[in-house]
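This report refers to the structure that appears directly beneath it.
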2 protein chains.
Amino acid sequence: MRYFVALAETLHFGHAAARMNMSQPPFSRQIAAIEKTLGVRLVERNSRNVALTPAGQHFLADCRAVLEGFDAACRDVRLVAGGMKGELKLGFMMHAAHSVIPALVRLYSEARPDVRLILEERIPTDIEEMLAEGRLDAAVTFGAGPAPHLRTQLIARDRLCLIVPAGHRLAAGEPAGPQSLAGERLIAAPATVAPTLRTAIATYCASAGITPHFAFEPRLQHTIIRLVQEGLGVALIPQSLCGDLAEGVVARLLVDAPEFDVVLCAPRAGRNPAVPELFAVAGRA
Amino acid sequence: MRYFVALAETLHFGHAAARMNMSQPPFSRQIAAIEKTLGVRLVERNSRNVALTPAGQHFLADCRAVLEGFDAACRDVRLVAGGMKGELKLGFMMHAAHSVIPALVRLYSEARPDVRLILEERIPTDIEEMLAEGRLDAAVTFGAGPAPHLRTQLIARDRLCLIVPAGHRLAAGEPAGPQSLAGERLIAAPATVAPTLRTAIATYCASAGITPHFAFEPRLQHTIIRLVQEGLGVALIPQSLCGDLAEGVVARLLVDAPEFDVVLCAPRAGRNPAVPELFAVAGRA
DNA sequence: CCATTCGATACCCCAAAAGCATCAATCGAC
DNA sequence: GTCGATTGATGCTTTTGGGGTATCGAATGG
């Protein structure tokens, strides 16, 4: 096809052959071979003139399109392999959507505009499973225990703070400690959804010898806040969610507040070459 | 590329090689060669599993598109060479637009729906020139003298008839003969536009010893009719144009009306394979 | 622990493609 | 009109690339 395009552009066998870095005889034979395999006369030639037939005209346009597609495919596959292009499936737990995800996505999209970020908002346990199965390339989640098969990088540290309805006995005064939670109806996501948070809450209570009483166990942090707003209990939620609380809800600092990591993680065996830049961006964020 | 697509679809070197009608070792080498020339790992393989890398996934889609384009190009070039597809530049003189062209175009488009008809409405002298220069593949025009370099086929015979303003002295009574035109202001296209018509009119007048007086010489037959309508003269126009005359214009038969041929013609040296079917259709029309 | 499966490697061979020399046709110049 | 130059086609030789067979090594499953 390149031979034919060269011939069509020069209309001269010798010059076209030179452009293809070969001598004229094999070039002529190649053109003849193309015509034979196609069973179609592409160029009308005598020893003095070379002209395209109508079929040749049409074929020229098609050849250019095919060759351009071919070259683009070869170029793109290198970009994909270099992580400059392609797709990246990024999972994240819901509350990260309100803290690190927006900045991370923005920075990454600036660094890799041709990588299509596919955002998957899931609960932490699902994220873990999807990472293991390769259905996610990377994820932003809680920093759980050491996971040897995961590359992990700290993005942020967060801490729990207490939210109570306005007018609640803990809504003012000294910062609350774990013992303040005695007798309170707690609202928290179930352990199957966010084990890290749940464990942190349980440990915090246990440090004061308290057995927490969970009145409701919704899955979404926003639901928790709403329930607190309605006076149905109190909750310990990540501080990053306390920025713009609804009316009627008060956030309080906790004494010795439980802290936890928000990390970016990806399978070490992951093959997506677009992932490393995500860690680079996360390090700068 | 076909090798890679086969491998990507089977994810099995042996099976893919069989699909390509070859044995597994050279097939493995080809895949390795592709990866080497691209400088990109396309498939992750060990002796037990074969899986595409992200780059391979992307490349697979591109390969399918390129191969499909390639196959389509090979298929289409045969269609073009067979006259089943492509373009056909068809010239025609203006008055043919009202007689043979509509039916001819309809029949041809039904027979060759993938041939794009490019209609060029021109004056007969231009048509002749454009045919000679190859800027037209075929044309519908007046049957002039024998032209050895043209393939010619009669489509219709037409004759001149007289049009006069309503109320004109020739608007009723016996059919007019050439002598009736004596003293009339004639309106006709100039010889440079339609030599055949002009010659026919001149010959007709000469047969009665009359020297015609041309009052106006517009290029378009429709302009002629309008001028007649305004009472500015009389005209001899092709009968095929007399079908739907405007109000105020009367068409009359002529005694011994000059006849002329409307022919389809194309250069015998023409290379457009879509032309022969045009003659076939014209023969049936 | 052995047999089987599957991709990789080694070696060989052939055919396709490239190079070289030459021919034939065409066109321009004198 | 003849000669020379240009240009595509053809014949022959060489080389390279792609394919075949045999075999190896790793991984898997009974």
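Reminder, nothing fancy here: chain letters follow the sequence lines and each chain counts from 1.
- Contact check on Arg64(B) versus Glu68(B) returns no salt bridge, with no Lys/Arg side-chain nitrogen under 4.0 Å from an Asp/Glu carboxylate oxygen.
- Applying the 3.5 Å distance criterion, the base of dA17(C) shares no donor-acceptor pair with the side chain of Gln30(A).
- In this model, the phosphate group of dA8(C) is approached by a side-chain N or O of Arg45(B) to a distance below 4.0 Å at OP1 or OP2.
- Both tests pass for Arg151(B) against the ring of Phe279(B): distance under 6.0 Å to the centre and angle within 45° of the axis.
- Ring planes of Tyr3(A) and Phe27(A): tilted class, angle from 30 to 60°.
- Across the interface with DNA chain C, nearest-nucleotide mapping of His12(B) and Phe27(A) shows His12(B) to be the residue nearer the 5′ end.
- In this structure, Leu104(B) and Leu278(B) have side chains that are in contact, with non-hydrogen atoms separated by less than 4.5 Å.
- In this structure, the CG atom of Leu7(B) is 8 Å from the P atom of dG7(C), given to the nearest Å.
- One can place CD of Gln24(A) at 14 Å from P of dA21(C), the figure rounded to the nearest angstrom.
- The aromatic rings of Phe260(A) and Phe142(A) stand perpendicular to each other, their planes meeting at an angle above 60°, with 30° marking the opposite boundary.
- Nucleic acid contact class of Arg48(B) (heavy atoms, under 4.0 Å, all strands): base.
- Taking side-chain N and O atoms only, His15(B) has no distance below 4.0 Å to OP1 or OP2 of dC6(C).
- Whole-Å rounding puts the Phe13(B) CZ to dT9(C) C1' distance at 14 Å.
- Between the CG atom of Asn21(A) and the C1' atom of dG19(C) there is a distance of 14 Å, rounded to whole Å.
- Nearer to the 5' terminus of DNA chain C, by closest-nucleotide assignment, is the contact made by Leu11(B) (compared with the other of Arg29(B) and Leu11(B)).
- When each of dG7(C), dA8(C), dA18(C) is scored by its nearest atom to the side-chain atoms of Pro26(A), the top-ranked nucleotide is dA18(C).
- Of all nucleotides in DNA chain D having an atom under 4.0 Å from a heavy atom of chain A, the first and last in 5' to 3' order are dT6(D) to dC12(D).
- Residue Glu44(A) qualifies as enclosed at atom CD: its count of foreign heavy atoms under 6.0 Å is above 12.
- When rounded to the nearest whole Å, the span between CG of Asn46(B) and P of dT9(C) equals 14 Å.
- Counting non-hydrogen atoms under 4.0 angstrom, Ser28(B) reaches the backbone sugars and phosphates but no base.
- Note on Asn49(A): nothing from the nucleic acid sits closer than 4.0 angstrom, heavy atoms only.
- Atom CD in Glu44(B) sits roughly 11 Å away from atom P in dA8(C) (whole-Å rounding).
- For the pair Glu35(B) and Arg29(B), the salt-bridge criterion is not met [side-chain N within less than 4.0 Å of a carboxylate O].
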